[in-house]
Amino acid sequence: MDKPQKHTWLFEISSKSNVLDFKFKEIWQYRDLLMLFVRRDVVTLYKQTVLGPLWYLIQPLLTSVIFTLVFNGIADIQTGTVNAFLFNLAGITIWNYFAECLKATSDTFKKNENIFGKVYFPRVIMPLSITVSNLLKFGIQILIFTAFYIFFASQGKAGDLSPFLLLLPLIVLIMGLLGLGLGMIISSMVTKYRDLTFLVQFGIQLMMYVSAVMYPMAIVTKKLPSYVSWIVEYNPLARVIESFRYMVFQQGEFSLQYIFITLGISIVVFLFGLIIFNKTERNFIDTV
């Protein structure tokens with residue numbers, strides 16, 4: 001009598017798994033689906049809008065104008081030899097990538113409950129696709145910043161480029177990992193506490209004001225008391241934004257040590273968010 005053949009399964013879907021199983025191999029196996037979601041996000045985001053991709057340009061430019069009028073005009077915050085508008089545009093450009101990643105990934109389970117309930121794939125593919133697709137928006141805004149940089153550089157109001165500009169991909173990676181990690185944590189919490197969705201936008205705005213987006217780090221200790229200034233000084237986002245400004249203006253503070261410490265923090269936040277996200281995906285359909 002023939003012995004029954006032992007089946008070797010390509011995938012095994014189970015609600016029981018190791019907490020520290022990050023499923024990186026499975027994510028790689030679904031890379032084609034990841035790229036399909038990225039293409040969907042890019043194509044459909046502004047498909048039925050009047051201005052389309054021009055929103056990528058209008059938002060940072062208008063925000064920079066407002067910050068220049070309020071913080072540099074009324075509050076009289078000095079930006080050295082760098083034009084105030086260009087100074088603010090630099091901070092907003094790098095900040096927007098983090099903010100968009102955080103905002104778009106913080107409601108992943110709720111927005112995609114229909115597709116999650118019908119077909120299996122690694123759920124983390126969805127927030128990953130958002131983070132990758134946001135690179136297009138960031139790339140367009142970097143081009144706009146470059147155009148204004150060249151214009152003000154011709155007038156001697158743009159500072160000097162630093163050799164550390166080669167570390168820009170690392171800066172982008174840090175902001176992406178932080179936005180993705182925090183977004184996955186919040187998304188996992190939203191499955192049980194719906195009102196957290198309303199706090200995300202407010203939280204992002206509050207974080208922007210303590211992340212040195214519209215002012216240099218040098219004035220923090222001068223104008224703020226010590227019991228407040230430490231929030232900005234130890235804020236990894238503020239360090240990243242200040243480092244980016246140093247890369248393009250050679251003004252402000254820069255430290256390779258801070259960059260690599262911030263990179264370590266961003267990796268820890270991402271992995272922690274991935275653990276919580278993977279744990280939540282097992283039973284989120286019962287609570288969403």
Side-chain angles (χ1 to χ4, degrees), residues 45-46 51 53-80 82-104 130-131 133-153 157-159 161-162 165 167-176 178-179 182-183 200-220 232 235-254 262:
L45 184 59
Y46 293 103
L51 298 177
L54 286 178
W55 287 113
Y56 291 154
L57 317 179
I58 295 174
Q59 188 269 337
L61 294 179
L62 287 181
T63 306
S64 298
V65 170
I66 294 173
F67 281 179
T68 302
L69 293 175
V70 175
F71 292 96
N72 305 109
I74 299 177
D76 196 29
I77 294 178
Q78 300 300 315
T79 57
V82 179
N83 177 270
F85 171 82
L86 186 64
F87 179 91
N88 290 320
L89 185 60
I92 292 169
T93 298
I94 197 70
W95 166 262
N96 276 348
Y97 179 60
F98 163 79
E100 290 296 329
C101 291
L102 174 57
K103 182 169 60 176
I130 295 172
T131 304
S133 62
N134 278 335
L135 286 173
L136 174 63
K137 180 177 181 180
F138 174 73
I140 294 175
Q141 293 183 353
I142 278 289
L143 290 177
I144 296 303
F145 170 76
T146 302
F148 278 99
Y149 184 91
I150 294 173
F151 172 75
F152 286 110
K157 298 180 180 179
L161 293 176
S162 166
L165 186 59
L167 295 177
L168 178 59
L170 185 61
I171 295 295
V172 177
L173 176 64
I174 291 172
M175 298 300 268
L178 285 173
L182 291 175
V200 171
Q201 188 63 39
F202 172 73
I204 291 175
Q205 293 294 326
L206 187 62
M207 288 173 65
M208 181 175 65
Y209 287 105
V210 296
S211 298
V213 174
M214 68 293 291
Y215 53 84
M217 291 282 291
I219 72 168
V220 172
V232 181
N235 182 353
L237 294 170
R239 292 293 177 180
V240 172
I241 294 173
E242 184 76 358
S243 297
F244 176 69
R245 287 205 185 101
Y246 183 88
M247 292 176 182
V248 294
F249 303 138
Q250 283 202 51
Q251 291 189 16
E253 302 176 9
F254 182 85
T262 306

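Along the sequence shown, the residues carry numbers beginning at 1. Model, not experiment: these values are computed from the prediction.
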**Q** side-chain contact (heavy atoms from CB on, under 4.5 Å), that's the test. Do Phe87 and Val248 meet it? Break it down for me.
**A** CA-CA 10 Å; Phe87 179 91; Val248 294; over 6 Å; no
**Q** Nearest 0.5 angstrom please: Ser211 OG to Ile94 CD1, how far?
**A**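 Answer for the OG-CD1 pair, Ser211 versus Ile94, is 12.5 Å.
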**Q** Evaluate the criterion side-chain contact (heavy atoms from CB on, under 4.5 Å) for residue pair Phe85 and Thr79; output intermediate values, then yes/no.
**A** CA-CA 10 Å; Phe85 171 82; Thr79 57; over 6 Å; no
**Q** Under 3.5 Å, side chain of Asn235 to main-chain N/O of Val210, donor-acceptor pair present?
**A**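 Judged by distance alone, yes, a pair lies under 3.5 Å.
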**Q** Rounded to the nearest 0.5 Å, how far does CE of Met208 lie from OG1 of Thr63?
**A**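 CE of Met208 is found 7.5 Å from OG1 of Thr63.
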**Q** CD/Gln141 to CG/Asn134 distance, rounded to the nearest 0.5 angstrom?
**A**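 Gln141 CD to Asn134 CG: 9.5 Å, rounded to 0.5 Å.
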**Q** Taking atom CG of Leu86 and atom NZ of Lys157, what is their separation to the nearest 0.5 Å?
**A**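 If we round to the nearest 0.5 Å, Leu86:CG and Lys157:NZ are 11.0 Å apart.
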**Q** Are any non-hydrogen side-chain atoms of Phe254 and Leu167 less than 4.5 angstrom apart?
**A**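 Side-chain contact under 4.5 Å: yes.
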**Q** Once rounded to the nearest 0.5 Å, what's the spacing between atom CD1 of Ile241 and atom OG1 of Thr93?
**A**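 Result: 10.5 Å between the selected atoms.
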**Q** Taking all non-hydrogen atoms of both residues into account, name the closest pair between Ile77 and Pro216 and its distance.
**A**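 So the minimum-distance heavy-atom pair works out to CG2-CD, 3.8 Å.
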**Q** For the side chain of Tyr215 and the backbone of Tyr209, is there at least one donor-acceptor N/O pair under 3.5 Å apart?
**A**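 Side chain of Tyr215 to backbone of Tyr209, a donor-acceptor pair under 3.5 Å: yes, one is there.
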**Q** Would you call Glu100 and Lys103 a salt bridge, using N to O less than 4.0 angstrom?
**A**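 The answer is yes: the pair qualifies as a salt bridge.
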**Q** Could you please spell out the steps behind the side-chain contact (heavy atoms from CB on, under 4.5 Å) verdict for Asn72 and Asn88?
**A** CA-CA 9 Å; Asn72 305 109; Asn88 290 320; 2.8 Å; yes
**Q** Please report the closest heavy-atom contact between Thr262 and Pro236, naming both atoms and the distance.
**A**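 Residues Thr262 and Pro236, closest heavy atoms: CG2-CB, 3.7 Å.
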**Q** How far apart are the closest heavy atoms of Ala158 and Phe249, and which atoms are they?
**A**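 So the minimum-distance heavy-atom pair works out to O-CD2, 3.2 Å.
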**Q** Decide yes or no on side-chain contact (heavy atoms from CB on, under 4.5 Å) for Met175 and Leu237, but give the supporting numbers first.
**A** CA-CA 8 Å; Met175 298 300 268; Leu237 294 170; 3.8 Å; yes
**Q** Flag the pair Val82 / Arg245 as yes when at least one side-chain heavy-atom distance between them is below 4.5 Å, and no otherwise.
**A**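 Result no, sub-4.5 Å side-chain heavy-atom pair not found.
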**Q** In chain order, what residues pass the side chain to side chain contact (heavy atoms under 4.5 Å, CB included) check against Ile144, with sequence neighbours excluded?
**A**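 Testing Ile144 for side chain to side chain contact (heavy atoms under 4.5 Å, CB included), a comparison that skips the adjacent residues, returns Leu57, Leu61, Phe148.
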**Q** For Ala212 and Met217, which heavy atoms make the closest approach, and how far apart are they?
**A**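 It is CB-SD, 3.9 Å.
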**Q** Of all heavy-atom pairs between Gly80 and Gln251, which one has the smallest distance, and what is that distance?
**A**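 Looking at all heavy atoms of both residues, the closest pair is CA-OE1, 3.9 Å.
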**Q** What residues, two or more places apart in sequence or in another chain, satisfy side chain to side chain contact (heavy atoms under 4.5 Å, CB included) together with Gln78?
**A**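 Side chain to side chain contact (heavy atoms under 4.5 Å, CB included) check on Gln78 returns Asp76.
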**Q** Please confirm whether the backbone N or O of Lys137 pairs with a side-chain atom of Tyr97, one donor and one acceptor, at under 3.5 Å?
**A**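 Flag not set: sc Tyr97 to bb Lys137 has no pair under 3.5 Å.
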**Q** Rounded to the nearest 0.5 Å, what separation is found between the CG atom of Leu161 and the OH atom of Tyr149?
**A**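 Between atom CG of Leu161 and atom OH of Tyr149 there are 3.5 Å.
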